[in-house]
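Owing to the predicted nature of the structure, the values given are computational and were not obtained by experimental measurement. Just so you know, these numbers use all the heavy atoms, side chains as well, and skip hydrogens, waters and symmetry mates. Each ligand, and each atom within it, is numbered from 1 in the order the structure gives.
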Amino acid sequence: MENPAHSLVSLVGQKRRILVVCHNNPDPDTIACAAALRSIFHHTHRRKVTICYGGIIGRAENRQLTRRLKIEMIPIREIDFRDFSIICMVDTQPGTGNNSVPREIVPHIVIDHHLLKSNTRKCPFHDIRPKYGSTSTIMTEYLRELDINVDKMLATALYYGLMTDTNGLLRSAGKPDLDAFNYLFPRIAPKTLSSIENPRIPKSYFQKFADGINNSIQYRDVIISKMGKLNNPDIAAEMADFLLRMENIHWTLCLGEYRDELVISVRTSRKGWWAGKVTLKTLWGLGTGGGHEKAAGGRVNLKGLSPEECREVQDKIIDRFLKIVAARETTTENRIVSIA
Ligand SMILES: [Mn+2]
């Protein structure tokens with residue numbers, strides 16, 4: 001079989017207008033991959049590539065990433081899909097619920113490292129590698145295969161995408177991820193990377209973090225945090241990562257409301273479990289979700305529900321989750337922070 005990087009390039013052929021769609025509330029992996037595709041099509045076809053995203057760029061780190069590395073991204077609501085002859089999706093797939101591409105549109109190119117979705121098979125080019133720790137790893141292979149010079153900016157973006165998705169190569173990283181690391185690391189701009197990793201963070205973030213901790217309950221090796229209303233949907237994932245660091249904790253589930261949706265984030269360090277499958281099972285019939293071995297997420301549409309009904313949905317999710325991970329019984333004092 002022809003190398004995927006070469007098939008990708010030949011697929012574009014004479015087509016002129018290229019759109020790359022990132023997943024909603026884009027993370028560094030999807031942003032870096034969009035920048036990599038932009039770079040590939042610029043080198044191979046001299047094409048201008050438009051990058052778009054759904055939701056918001058919530059984390060200060062991610063806003064800093066697009067700003068410092070000059071990755072121009074526009075909100076998907078400003079896109080008219082008829083203006084484009086090639087539509088690409090990176091780090092997400094059609095029908096997964098975490099991107100804003102209309103259902104009737106079949107993307108031409110899908111590159112991802114989540115589990116293969118049946119809709120994706122209809123796409124003329126798809127390269128799905130669930131064993132990879134990041135989609136940035138796949139894009140790094142393409143750039144090397146095509147012998148395209150990876151400049152400091154792009155190397156820094158891909159490196160950051162790889163490191164955040166694999167939690168510093170500790171989560172779901174394999175040989176290809178290590179190879180990408182070895183290739184990218186000597187090429188990054190360390191000061192720029194440091195400014196991306198350590199941006200100033202708004203006060204509201206700390207307040208929400210405090211809320212999240214105060215509203216956390218422990219059940220055996222599980223912590224569940226009901227975070228209430230969020231002004232940034234990414235904070236549920238950050239809280240889930242943070243709480244998983246507690247001694248003797250092997251699962252975290254964080255829930256928060258963002259606009260009309262309940263946002264869910266799941267993390268595990270338990271061996272032999274797949275967080276993505278647990279999340280799918282938890283949200284079965286209620287919403288969409290998915291993810292990886294150790295990290296997963298999902299959402300439930302709350303539009304039109306009363307506050308009471310929203311609470312019921314949340315309780316149902318928590319109940320199912322605890323049953324699945326078998327941590328039903330609780331001790332008498334199970335708040336992680338005692339409130340005097
Ligand atoms: Mn990813």
Side-chain angles (χ1 to χ4, degrees), residues 4 20-38 51-55 57-59 61-62 65-66 69 71 73 88-101 107 109-117 120 126-143 154-181 184 196-197 233-234 236-238 240-241 263-268 274-277 279-280 288-299:
V20 181
V21 183
C22 293
H23 61 66
N24 294 346
N25 313 318
D27 69 0
D29 193 28
T30 195
I31 295 170
C33 292
L37 266 187
R38 181 183 67 173
I51 301 174
C52 72
Y53 67 97
I57 305 178
R59 290 186 67 157
E61 289 87 340
N62 301 346
L65 170 71
T66 61
L69 303 182
I71 303 168
M73 299 174 68
C88 318
M89 239 183 215
V90 282
D91 202 36
T92 176
Q93 297 176 46
T96 48
N98 77 335
N99 65 70
S100 301
V101 173
I109 293 166
V110 181
I111 304 167
D112 190 20
H113 69 131
H114 296 85
L115 293 174
L116 177 68
K117 292 274 172 179
T120 303
H126 54 269
D127 188 356
I128 310 301
R129 307 190 201 180
K131 292 224 162 79
Y132 278 40
S134 74
T135 308
S136 293
T137 306
I138 306 176
M139 296 313 305
T140 304
E141 287 185 11
Y142 284 7
L143 287 157
L154 185 55
T156 305
L158 288 166
Y159 177 83
Y160 191 53
L162 166 63
M163 293 311 265
T164 51
D165 255 38
T166 60
N167 189 18
L169 298 178
L170 292 173
R171 179 167 71 202
S172 315
K175 170 94 169 52
D177 302 300
L178 291 175
D179 287 345
F181 172 89
L184 295 170
I196 292 167
E197 286 176 324
D234 292 345
E238 291 179 69
D241 278 328
V263 177
I264 293 119
S265 206
V266 174
R267 297 290 183 272
T268 187
W274 195 277
K277 289 178 189 164
T279 305
L280 263 180
T288 57
H292 306 281
E293 192 175 355
K294 297 185 159 37
R299 64 223 85 233

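Tested against Asp127, the residues Val110, Ile138, Ile109 include a single side chain to side chain contact (heavy atoms under 4.5 Å, CB included) partner, Ile138.
When distances to the Mn ion (ligand 1) are checked against a cut-off of 2.8 Å, Asp112 contributes no N, O or S atom below that limit. Among the atoms of His114, no N, O or S atom is found under 2.8 Å from the Mn ion (ligand 1). For the Mn ion (ligand 1), the set of nearby N, O or S atoms under 2.8 Å includes one belonging to Asp165.
With hydrogens and angles left out, the side-chain atoms of Thr137 and Ser134 include a donor and acceptor closer than 3.5 Å.
Across every non-hydrogen atom of His113 and Gly133, the tightest pair is CE1-O, 3.0 Å.
For the Mn ion (ligand 1), the nearest N, O or S atom contributed by Asp91 is named OD1. The atom name of the N/O/S atom in Asp29 closest to the Mn ion (ligand 1) is OD2.
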List the steps and the verdict of salt bridge (Lys or Arg N to Asp or Glu O under 4.0 Å) for Lys131 and Asp177. CA-CA 10 Å; Lys131 292 224 162 79; Asp177 302 300; over 6 Å; no
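How far NZ of Lys277 is from NE2 of His292: 13.0 Å, rounded to the nearest 0.5 Å.
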